[in-house]
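Working notes, beginning with the structure itself.
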Amino acid sequence: MLDPKLVKEKPEIVRKMLADRHVQFDFDLLLSLDGKRRELIVKTDELRKLKNKMGLDVATKKKSGQSADSVIAEMQKVSQELQILEADQIKVGADYDRLAMTMPNLIHDSVPIGADNSANVVVRSWGAVPKFDFKIKDHIDISQELGLVDLERAAKTAGARFYYLKNSLVRLNQALIHFALDFLTEKQYGLIQPPYMINRSSMEGAIIADDFENVIYKVQDEDLFLIGTSEHSIAAMHADEILEGKDLPIRYAGVSPCFRKEAGAHGRDQKGIFRVHQFEKVEQYVFARPEESWKEHEKMLAVAEEFYQKLEIPYRVMLLSSGDLGKVSAKTYDIEAWMAGQNSYREIVSCSNCLDFQTRRLKIRFRDKSNEQTQYLHSLNSTLVATTRTLVAIMENFQTHDGHISVPKPLQKYLGSSTI
RNA sequence: GCGGGGGUCGCCUAGCCUGGUAGGGCGUGGGAUUGCUAAUCCCAUGUCCGUAAGGACCCGUGGGUUCAAAUCCCAUCCCCCGCGCCA
C-alpha cells in the first residue's frame with residue numbers, strides 16, 4: 001500500500017508508475033473515492049463532536065438533579081443522523097481500501113522502463129558455462145534414468161506439476177537446505193521455520209489481491225491459506241508491532257515448503273521439476289531502516305551470489321524492467337542459473353526491495369526512543385535457494401559422461417558422497 | 001472438545017459489579033531545581049482528518065441494547081489454568 005498522503009499530494013508520481021508498469025488501474029476512481037472519504041470523515045466528526053457535547057450536558061444535568069429530557073430528545077435525532085452518515089462512510093472507506101490495496105508499489109529510479117522481460121538488463125555474469133564432450137541430457141532424463149524422480153505416479157496421486165523425489169535426490173534436497181541454513185547462520189541471520197498456513201489478513205499484508213487467484217491455495221472452510229513462500233509468513237510475523245531501532249536491521253533466514261498454483265503458466269515447463277506446485281525454499285527476509293534498505297538490497301543479492309559461487313553454478317544477474325517487476329516490489333534482481341540441459345539461463349533467485357509497501361499494510365513500524373514518532377520499516381526479500389530449481393541446475397550442469405551426477409563440493413559432507 | 005480465568009493508549013496496571021470526558025505507575029524525551037551523580041517536581045509521549053485553530057477515534061475483533069458502552073448482551077479470535085483426546 002502506498003502512503004495515502006503521497007497519493008493525494010503527488011498523483012503524477014503514481015500515474016507515471018502505473019504507466020511504466022503497464023497495469024490497468026482506475027486511478028481517477030481512487031482519487032474520487034479518497035475525496036469522498038475525506039469529506040465524510042469531516043462530516044461525521046462534526047456530528048460526533050455535537051453528540052459528545054450533548055452527552056456531557058446530559059451527565060452534568062443529571063448529576064445536579066435537573067431534567068435532561070430535552071437534550072436526550074435532541075441527541076436521539078443526532079444519533080440517528082450519525083448512523084446513516086457512518087454507514088456511508090464505512091462503505092466509501094471500504095471501497096477505497098479495496099482499490100488502494102490493489103495498487104502496485106512505486107518503482108525505483110534505477111529500474112529500466114519497458115513493457116516486459118525483453119527490457120530486462122543483464123547486470124553481470126559469473127562462471128564459465130560448462131562444456132561437455134558427450135551428448136548431454138536434461139534433468140528429466142537424468143532423474144528418470146537414475147531413479148531419482150517419479151513424475152508419472154505423482155500425476156496419478158496429485159496431478160501435473162507434482163513429483164516424488166527418491167533416494168539420493170531426497171538427500172540432495174535436504175543437503176541444499178542444510179547447507180543454506182549453515183551458510184546464513186554464519187552470516188548472523190536468525191533462523192525461522194514459519195507457519196505453512198496463515199490467515200487472510202496476514203496474507204494480504206504480503207501480496208496483492210490477484211495473487212490469491214493465481215498463486216495461493218486456500219484451505220477449505222478455514223480462514224487459512226498455504227504460503228507461497230516463507231516470505232508471506234515472515235512479513236506478517238511482526239504485524240502491528242513497533243520494533244526498536246537498536247535491533248535493526250533484522251535479518252531472517254526462513255525455511256519452509258512453498259505452495260503455488262502456477263495458474264496462467266499453462267504449457268510452460270510442463271514436465272520435470274522446474275515449475276512445480278510444491279518445493280522447499282530457504283529465504284532471506286530483512287526488515288531495515290528506510291535509509292538503509294537499498295544498501296541491504298545489494299547485500300542480499302551479494303549473499304545469494306556467493307551461495308551459487310560456492311556451489312559453482314554459473315549464473316547471470318538480471319535487473320527486471322518496470323513491466324516485468326512484481327507489484328509489491330520497487331526493484332528486483334533475478335539470478336538466472338545456467339541450466340545445461342536447456343542450454344539457457346533460468347530464474348532461480350528473485351531479490352526485491354518492497355520499501356514500506358508490505359509494512360504499511362501490516363503496520364510494522366520502528367522507533368529509536370519510546371517517545372519518538374514511529375516510522376514504517378522497509379522490507380526486503382530474496383531467495384537463497386529454491387531447492388527444486390537448484391536441483392535441476394545441479395543435475396544438468398554436473399552430469400557425467402557415464403550418466404551420473406557429481407555432487408557440488410559444499411554439499412558432499414551433507415550427502416556423504418561425491419557422486420550420485 | 002469441555003469447564004474456569006483473562007485480553008485496557010511502548011510495557012505494567014486501575015476502571016467493568018452499579019453505563020455518563022480512560023486514571024495511575026514504569027520507560028523515553030524536554031524543562032525546573034541541584035558542586036557532580038542521584039532524588040524530587042512540571043510538561044510531553046497512540047491513530048486519523050485538517051495548512052492551522054481545532055476535532056474525531058482508540059479498552060482483542062465484529063455485531064446488538066441505549067440519548068450515551070471499556071462498562072450491559074450476543075458472536076468470534078487469541079492467551080493462561082484444569083480435564084479429556086492425541087503424533
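Chain identifiers are assigned alphabetically (A, B, ...) following the order of the sequence lines, protein sequences preceding nucleic acid strands; residue numbering begins at 1 within each chain. This is a predicted model, so every value here is computed, not measured.
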Keeping to residues at least two apart or across chains, list the salt bridge (charged side-chain N to carboxylate O under 4.0 Å, His left out) pairs with something in residues 163-187 of chain A. K187(A)-E306(A)
Could you identify the nucleotide paired to C9(B), looking across every strand shown and requiring Watson-Crick or G-U wobble geometry with both distances under 3.5 Å? none
Distance between the C1' atoms of C85(B) and U13(B), in whole angstroms? 38 Å
Counter-base of G35(B), judged by Watson-Crick or G-U geometry with both distances under 3.5 Å: none
Rounded to whole angstrom units, what separation is found between the CE atom of M75(A) and the C1' atom of G19(B)? 12 Å
Quick check on the 6.0 Å ring-centre criterion: do F287(A) and H238(A) meet it? yes
Protein-nucleotide distance (L243(A), atom CG; G46(B), atom P), rounded to Å: 18 Å
C1' gap between C58(B) and A39(B), integer Å: 36 Å
Please give the nucleotide sitting opposite G46(B) as a Watson-Crick or G-U wobble pair, both distances under 3.5 Å, or none. C57(B)
Pairs under 3.5 Å (N/O, protein and nucleotides 50-52 of chain B):
residue, atom, partner, partner atom, Å
G50(B), OP1, K8(A), NZ, 3.1
G50(B), OP1, R38(A), NH1, 2.9
G50(B), OP2, R38(A), NH1, 3.1

Checking N1-N3 plus N6-O4 or O6-N4 for Watson-Crick, or N1-O2 and O6-N3 for wobble, each under 3.5 Å, the partner of C2(B) is G82(B)
Round to a whole Å and report the spacing from CG of L82(A) to P of C57(B). 9 Å
Given C49(B), A56(B), G20(B), the nucleotide with the shortest approach to the side chain of R37(A): C49(B)
Just the rounded figure in Å: distance from C1' of G10(B) to CG of D368(A). 14 Å
Partners meeting side chain to side chain contact (heavy atoms under 4.5 Å, CB included) with S202(A) (sequence neighbours left out): I198(A), N199(A), A236(A)
Give me the distance, rounded to whole Å, that separates C57(B) from G50(B) when you measure between the C1' atoms they each carry. 15 Å
T44(A) vs G55(A), nearer the 5' end of RNA chain B by closest nucleotide: G55(A)
So how far is it from E296(A) CD to C351(A) SG, rounded to the nearest 0.5 Å? 10.5 Å
Please state whether the rings of F179(A) and F307(A) are parallel, tilted or perpendicular, taking 30° and 60° as the class boundaries. parallel
Could you tell me the separation between the CG atom of N199(A) and the P atom of C78(B), rounded to a whole number of Å? 10 Å
L224(A): what forms a side chain to side chain contact (heavy atoms under 4.5 Å, CB included) with it, not counting sequence neighbours? M197(A), V219(A), E222(A)
Just the rounded figure in Å: distance from P of A69(B) to CG of N52(A). 9 Å
RNA chain B: 5'-proximal contact among Q83(A) and L56(A) (nearest heavy atom): L56(A)
Using distance alone, with no hydrogens and no angle criterion, decide if K281(A) and S230(A) have a side-chain donor and acceptor under 3.5 Å apart. no
Atom-to-atom span, CD of Q76(A) to P of U66(B) - whole angstrom: 9 Å
Examine the side chains of E231(A) and Q358(A) and answer whether a donor and an acceptor come within less than 3.5 Å of each other. yes
How far does the P atom of G4(B) sit from the matching atom of C49(B), given to the nearest Å? 44 Å
Please report the distance separating the P of G64(B) from the corresponding atom of G15(B), rounded so that it comes out in whole Å. 29 Å
Using a 4.0 Å heavy-atom cut-off across all strands, classify K62(A) as base, sugar-phosphate, or nothing. base
Between CG of D240(A) and C1' of C11(B) the distance, given in whole Å, is 17 Å
Taking C72(B) as the reference, what is the distance to C16(B) when you measure between their P atoms (whole Å, please)? 9 Å
Report which part of the nucleic acid T374(A) touches: base, sugar-phosphate, or nothing (heavy-atom distance under 4.0 Å, all strands). sugar-phosphate
Polar atom pairs between nucleotides 58-63 of chain B and protein, under 3.5 Å, N or O only, would you list them?
none

Report the residues that fulfil salt bridge (Lys or Arg N to Asp or Glu O under 4.0 Å) with D34(A), sequence neighbours left out, ordered by chain and then residue number. R37(A), R38(A)
Polar side chain donor-acceptor pair, T332(A) to S329(A), under 3.5 angstrom: yes
How far, in whole Å, is G27(B) from A22(B) if one measures between their P atoms? 26 Å
Using the C1' atom as the reference point in each nucleotide, state the distance between U8(B) and A69(B) in Å, no decimals. 14 Å
Check whether the side chains of Q284(A) and Y189(A) place a donor and an acceptor atom closer than 3.5 Å, and report yes or no. yes
